[in-house]
Structures are given as structure tokens and as C-alpha cells.
Undergrad: 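Take this structure first; my questions come after.
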Amino acid sequence: MKDYTSFYKNITKNEISLKDLLQNENLFSSVPKNWHIIVTDVLGSSNAVAEGKHKDVNLTATGSIIAVLNALKKIDPTLRIPYFFGGDGATFMVPSSIIDDLLIVLTDYSLHIKRTLGLDLRVGSLVVDDVYQHKYTLRISKLKINNYLTTPVILGNGLKYAESKIKENFTKEVNLKEEEVKVDLEGMECRWDEIYPSGHNKKIVCLLIGATSETKQAEIFNEIMNEIDYIFGNLNKRNPITMKNLKLKPTFEKIRKEMHTRIGVFKSAYLMNNWLITFLGQYYFKFFKAGKLYLYRVTQLSDTIMLDGSINTVISGDEKQLGKLRFFLDTLETQKKIIYGFHKTYASIMSCYVEDREKKHIHFVDGTEGGYTTASVEYKIKQRKQYLSNF
């Protein structure tokens, strides 16, 4: 079988709007059938959120991405793979040549998380050929969001089918090994305070939208993105991450949590050095040109919209705008074109992977009070009701 290891790397970056991309399905390519889908998922994430552990859940999901990306740098620094942040887990698509290596990395990471945060992170995989055997579509493209950020865009229900099948076959819990496991979480940071939207009357919304028809998915998503742009403005205008509201939180507890999650042990030197860096960073970002440039790059490298077969986005808007959005989505849902989950909250949170302070950093955005995890609860309830109504 042909080696498609460089498949994703060789896909062209499309420097057009998301709406234009969705209108041209010729810009999408089928994922090779010998590639694999990997899913990580925090068991009982809704309960953990209810217990006040949302930031731990969020950081665990981010860490699974960091563990994989750091492993890739050692396996093959030229290799590129698509991945998707989900609030309480992550999804990856990888070539067959590295599937075994990455499953070992993620299994070790899940053991590390069980020891450090007490959460059960489940890991599973499925070959893409299984998706096609069950008559689902899985097509991918790349969208250049801005000069700094390029994201994968998926059409078809193949990824959602794979995630569902993988989760059905998860083991119930992680079995701890006696020996310590080593995980590389270099670059993990979580030092930003809760990020409040600009304007006293604005809220943050985490939104999940799935199309009921796979064949009409691009058309429906294009209609939705048009309406979101009309109501809220373009991606920059509705971006919940703004330079003005980005504030570091230089508390020992914040740094201790990062240290505990990242290296699993207490090191006073780590705690003091990183607290000092964070404390001084407040003034660096406020008074120095280079600091302000970094803040700008953070806003541009914040992952606030993702299409993985559904629309996942975090939006800032006022009550009037949110009311218009809900009316529009309710109409589409009544017409049985979509199912959606909607979570409104007071601020967004961000966890980060920083390779360097120039252009190699990515920031995963979620909402407070459960964020995507809470929105997915509403989504799944509606999905179950629709399934039962068909009988």
C-alpha cells in the first residue's frame, strides 16, 4: 500500500474565507484509508466540571495535544498531522507509520494525569478504512485563518462516527503502573487569568453545531457562518481573546498547578522562576513593544473556531446578538437541519502550548463554567431525543 505519511503536510493552505472554502468542495481531499484516528477523552468530564475541576479537565485535553506534538518532534520533525481540541479531550489523524508510537505516548500521558490530577483520560484509535467501510465521508482541507494560524477543516461525518466507535470501546479506567512514566509536556503553560469580553453587557458563548444531513453539511455550515458573520462581525470582531483583556495571573497556586500537571513533582526552583517570569511579564506586555507584539500574536493564534464535521466555536457577543443567534439556530433545528449545543458564560479561559515566543505557540480557548463540555451535554440530550423520535 502506498505510503501517505506526508498527506496532510502536502495539502495546500487556502487563503480564502471559511465561507468560500465551504462553497468549493473540490478543495477537500479524502483522508487516506490507512491513516488512523486517535481520540482522548476525560471519563466523567461533566461530573468533574460540576465539582469545580473544569480547568483541570481543560488542561488535560490540552496536554494530550502537547504530548503528541512533542513526540512528533522526536519521531519526525518534518511530519504534520491535523488535531482538534474538544474541551475534555482531543482528536488526531495520523499516518500508520506512527500510530503505535503515539498510542504509547498517550497511554503514558493518561497514567501521568491519573497520578497528578486524579482524572481518567481514556485513549483509543480506529483505522480510517473502517469509516469508509461504514459509508461515511471524511474529507479534509486547510484554511489559513490569518498570517499566523492555519487550521484543518473537515467535511463529512466520518470523524464523528470514529469518535463514537472509539468511545464505545474505551476501557472504563486507567490501570496505574508501579513504575513512574515519563511524559514530555515541554511548552505547557496556563498562566492567563479568566478573559472577560470587551463591554459590560457582553457574554461568551461556546457553540457546537452538527448538520443532520451529511450530503448537505457544507451548504448548511455555510449558511450558519454567513449568519454568524452578519450578527457578530468577522472572526476578529467576535474573537473573545483581545489584547486589552489578556491578563497574566501571577499566583503561586496557578504556577503550582501548571508545575504539578506538567512534571508531576514539586520543585521550588520551577515555582519561583516561573512565578517571577509571570509577575514581570505583566509589565513586559504593558510597556514594551515586543511584549505588545506577543499579545497581538496570542489573539491571532487563539483557536476559537474548529470544523471537525461539526462547527465548534467560542464567540463574544451581547444579549441582543445572542438572542438573534438562538432564534436562527432554533429555526434550523425546528426544520431538522441541525442539532446544536449552546453554553453562555461570563468569560473564556485559555491553555497554551508555547514552543517559542515568536510564532510557534497555539492557544486553546474554552468558556468558563464548563465551556464546550457543558454545551456538549445539551447537544447529546437533543441527539438522543432525535434518535428516539425516529422509532
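Counting from 1, the numbers follow the sequence of the chain as shown. Both backbone and side-chain heavy atoms feed into the values below; hydrogens, waters and symmetry mates do not.
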Undergrad: Examine the side chains of E186 and N70 and answer whether a donor and an acceptor come within less than 3.5 Å of each other.
TA: no
Undergrad: Roughly how far apart are K135 NZ and Q133 CD, rounded to 0.5 Å?
TA: 7.0 Å
Undergrad: Tell me whether the rings of F279 and W275 are parallel (<30°), tilted (30 to 60°) or perpendicular (>60°).
TA: parallel
Undergrad: Is the closest side-chain donor-acceptor distance between T215 and S213 under 3.5 Å?
TA: yes
Undergrad: State whether a side-chain donor-acceptor pair under 3.5 Å links H361 with Y353.
TA: no
Undergrad: Would you tell me whether S351 and N58 have side-chain atoms, one donor and one acceptor, within less than 3.5 Å of each other?
TA: yes
Undergrad: Distance from S64 atom OG to L69 atom CG, nearest 0.5 Å?
TA: 9.5 Å
Undergrad: Would you kindly say whether N274 and E189 are connected by a side-chain donor-acceptor distance under 3.5 Å?
TA: no
Undergrad: Hey, could you give me the CG/CZ distance between D229 and R238, rounded to the nearest 0.5 Å?
TA: 4.5 Å
Undergrad: Does NZ or CZ of K203 lie under 6.0 Å from the centre of the six-membered ring of Y346, at an angle within 45° of the ring axis?
TA: no
Undergrad: Looking at F342, I'd like to know if the NZ or CZ of R326 sits under 6.0 Å from its six-membered ring centre while staying within 45 degrees of the ring's axis.
TA: yes
Undergrad: Tell me if the NZ atom of K267 is crowded by more than 12 foreign heavy atoms within 6.0 Å.
TA: no
Undergrad: Can you name the one residue among S30, P82, P95, S29 that meets side chain to side chain contact (heavy atoms under 4.5 Å, CB included) with F7?
TA: S29
Undergrad: Ring centroids only, cut at 6.0 angstrom: are F285 and Y294 within range, meaning strictly under it?
TA: yes
Undergrad: Provide the full list of side chain to side chain donor-acceptor pair (under 3.5 Å) pairs with a residue in residues 79-91, sequence neighbours left out, each pair given once.
TA: S45-D88, T91-E163
Undergrad: Where do L307 and F84 come nearest, in terms of heavy atoms and distance?
TA: O-CE2, 3.8 Å
Undergrad: Distance only, no hydrogens: is a donor on one side chain within 3.5 Å (strictly under) of an acceptor on the other, for E258 and Y270?
TA: yes
Undergrad: Give the C-alpha distance, both sets of side-chain angles, the deciding distance and a yes or no for side-chain hydrogen bond (donor to acceptor under 3.5 Å, both in side chains) between T368 and T345.
TA: CA-CA 6 Å; T368 51; T345 186; 2.5 Å; yes
